[in-house]
Amino acid sequence: MKLSLNAVKSNGREVTDTIYLIILQGANQLLPLFVMPFLMMKLGAEGYGFVGFSLSVIQYLVLIVDFGFNLSATKRIAQANDDVDKCNEVFWNVVAAKSLLLVASSVILLVLMLTVPTFQLYSQAIWATWPMLLGSTFTFMWFFQGKGYIRFFSVMNTLSKLALLPLIFVFVKTPDDCSLAAFLQAVVFVGTAIISNIYIYCKRLVQWHTPSWKGIKVELAESFPLFLSTASTSVYTQLIVIVLGFYCTTSEVGKYASADRIMRALCFLLYVPLNQVFFPKISALAVKGKDLAAGLFKQVMFMVILVMCCVSAFLFFGGVYLPNLLGHDYAGIDVYLKILAIAPLAIGFGGVFGQMGLVALGNKYTSNKFRDVYFIAALAAIIMMFVLTPWLGAIGACITVSATELLVAVLMAYNFKKNIGLCLS
């Protein structure tokens with residue numbers, strides 16, 4: 001308890017930012033929950049299928065364009081914070097790299113829509129969702145996070161959603177409006193991008209620096225391990241739902257997807273603000289002195305474990321009440337939540353030892369170890385999902401997710417202790 005109070009007192013601004021972000025993350029999580037049922041009713045299953053498919057395609061392209069910069073570029077901006085020229089150089093090289101990835105991914109998408117019948121069928125909805133990719137490219141969350149302006153970015157993002165998402169309730173009326181529904185969800189990202197660009201320009205936060213091929217390649221090389229780790233994570237966060245569909249009823253798939261979404265929404269709501277606030281600070285302190293960074297790391301680890309323990313307890317003990325709230329169709333979801341309850345604590349441990357340890361405190365070698373952990377986890381998840389899902393259905397899927405997250409936590413902790421842990425002794 002004494003350690004907890006000291007952590008709060010010595011990092012008052014960061015704790016305030018974290019609480020602020022948790023409130024904003026709550027708003028960001030609740031808004032889509034209001035929109036989704038409305039779209040399902042107005043568009044019908046077929047219309048909503050167009051929206052869902054197009055969102056999945058664009059979200060994978062967003063993953064390519066982001067390319068791990070939300071961690072690597074954040075770290076480099078935080079470490080170069082006092083060096084204006086270096087900060088400008090990193091900013092424009094990252095923007096150039098993301099722009100090239102935007103062009104490349106858009107060309108690939110165009111080829112797919114011209115040559116693959118399935119993509120041709122969904123082409124109108126995909127193009128309607130494409131602004132999401134454009135907005136994600138030029139939003140610069142990594143820059144605001146590295147500079148310590150994450151509070152402003154979160155407010156800006158929330159205000160964009162509050163201003164634009166209600167338009168869905170006004171203009172989406174029939175199944176024929178599926179492309180319009182996709183566009184209105186995507187244009188939120190463009191709104192955030194416009195506001196962030198105006199803010200950077202008005203505040204003169206960045207001065208022009210001509211990007212160089214050498215600089216672009218450096219940024220891509222720094223981000224590549226983190227990009228691969230994110231791509232690997234998608235195997236056991238998204239593919240498992242598709243695999244489940246081959247072996248289970250639609251009802252069972254729906255209950256599993258709901259349980260998984262509840263678990264990840266709580267983790268996203270509570271862990272992500274801690275990571276966004278403390279990751280850049282640990283990265284900056286790692287350059288000035290390992291002792292200072294190590295001290296903050298211990299405090300953050302304690303806070304994350306405490307928060308995620310609460311999430312795990314809520315899922316384990318509170319899931320039994322959900323069928324009464326959601327309806328009889330969700331009977332049995334509490335069993336899934338009990339199995340998934342270990343995942344939040346594992347995600348917390350994995351995030352602390354991985355992102356804040358191997359990446360923020362570490363170097364290129366430890367970042368590669370960070371990437372390797374997710375490769376191993378993805379391989380293990382594939383094996384488990386194809387063994388357990390046909391045998392146990394959704395329960396097998398829940399076991400796969402929790403076991404994979406636990407494996408990630410153990411491997412992250414092992415690599416941290418082996419490569420960085422001595423600095424904390």
Side-chain angles (χ1 to χ4, degrees), residues 63 66 68-72 74-75 222-238 240 263-264 266-268 270-283 285-286 290 293-309 311-312 340-384 399-425:
L63 177 68
D66 283 348
F69 289 124
N70 287 341
L71 287 177
S72 67
T74 294
K75 178 179 179 179
E222 288 285 335
S223 296
F224 188 61
L226 305 174
F227 163 69
L228 290 179
S229 68
T230 306
S232 300
T233 303
S234 67
V235 170
Y236 60 89
T237 57
Q238 298 177 13
I240 195 167
M263 182 271 290
R264 296 197 183 279
L266 289 172
C267 292
F268 185 84
L270 297 173
Y271 171 74
V272 170
L274 283 166
N275 182 67
Q276 289 179 333
V277 170
F278 285 101
F279 178 85
K281 186 173 182 180
I282 292 174
S283 298
L285 288 178
K290 289 290 184 182
L296 178 59
F297 176 86
K298 289 181 178 179
Q299 296 172 353
V300 173
M301 180 172 63
F302 181 86
M303 286 189 283
V304 169
I305 292 173
L306 180 63
V307 168
M308 300 313 264
C309 274
V311 174
S312 292
L340 291 171
I342 193 174
L345 191 56
I347 290 171
F349 270 106
V352 169
F353 288 119
Q355 293 179 348
M356 298 190 196
L358 294 175
V359 178
L361 281 174
N363 49 36
K364 186 174 181 180
Y365 174 78
T366 57
S367 292
N368 288 336
K369 291 296 181 182
F370 176 85
R371 172 203 62 195
D372 293 343
V373 166
Y374 284 107
F375 281 160
I376 296 171
L379 179 60
I382 290 173
I383 295 172
M384 284 189 288
I399 294 172
T400 298
V401 169
S402 289
T404 303
E405 295 291 4
L406 188 59
L407 177 62
V408 170
V410 170
L411 292 177
M412 289 295 185
Y414 169 78
N415 280 286
F416 176 83
K417 292 294 184 183
K418 181 179 178 180
N419 297 289
I420 301 178
L422 290 177
C423 73
L424 299 182
S425 59

**Student:** What class does the angle between the rings of F349 and F353 fall in, given that below 30° is parallel, 30 to 60° is tilted and above 60° is perpendicular?
**Tutor:**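 Rings of F349 and F353: parallel, as their planes differ by under 30°.
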**Student:** Could you grab the distance from atom CG of D66 to atom CZ of F227, nearest 0.5 Å is fine?
**Tutor:**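 D66 CG to F227 CZ: 10.0 Å, rounded to 0.5 Å.
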**Student:** Kindly determine whether M384 and L407 satisfy side chain to side chain contact (heavy atoms under 4.5 Å, CB included), including the steps that lead there.
**Tutor:** CA-CA 12 Å; M384 284 189 288; L407 177 62; 5.8 Å; no
**Student:** Closer than 3.5 angstrom, by distance alone: can the side chain of S312 be matched with the main-chain N or O of I342 as a donor-acceptor pair?
**Tutor:**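 Not confirmed, S312 side chain does not pair with I342 backbone.
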**Student:** For a quick test of reading the model, state the closest non-hydrogen atom pair linking G348 to M308 and the distance between them.
**Tutor:**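 In this case the closest contact between G348 and M308 is CA-CG, 3.9 Å.
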**Student:** What I'd like to find out is whether the side chain of F416 reaches to under 4.5 Å of the side chain of K369, using heavy atoms alone.
**Tutor:**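 No. Closest side-chain heavy atoms not under 4.5 Å.
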**Student:** Can you give me the closest heavy-atom contact between I305 and L345, atom names plus distance?
**Tutor:**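 Nearest heavy atoms, I305 then L345: O-CD1, 4.1 Å.
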**Student:** Do you know the tightest heavy-atom contact between N415 and L411?
**Tutor:**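 Scanning both residues completely, I find the closest heavy atoms to be ND2-O, 2.8 Å.
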**Student:** How long is the gap from CD1 on I383 to OG1 on T400, to the nearest 0.5 Å?
**Tutor:**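 One gets 11.0 Å once the value is rounded to the nearest 0.5 Å.
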**Student:** For T74, give me all partners under side chain to side chain donor-acceptor pair (under 3.5 Å), at least two apart in sequence or on another chain.
**Tutor:**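 None.
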**Student:** Between A346 and A409, what is the shortest heavy-atom contact and its length?
**Tutor:**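 Result for this residue pair: O-CB, 3.4 Å.
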**Student:** How close do T404 and A377 get, heavy atom to heavy atom, and via which atoms?
**Tutor:**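 In this case the closest contact between T404 and A377 is CG2-O, 3.7 Å.
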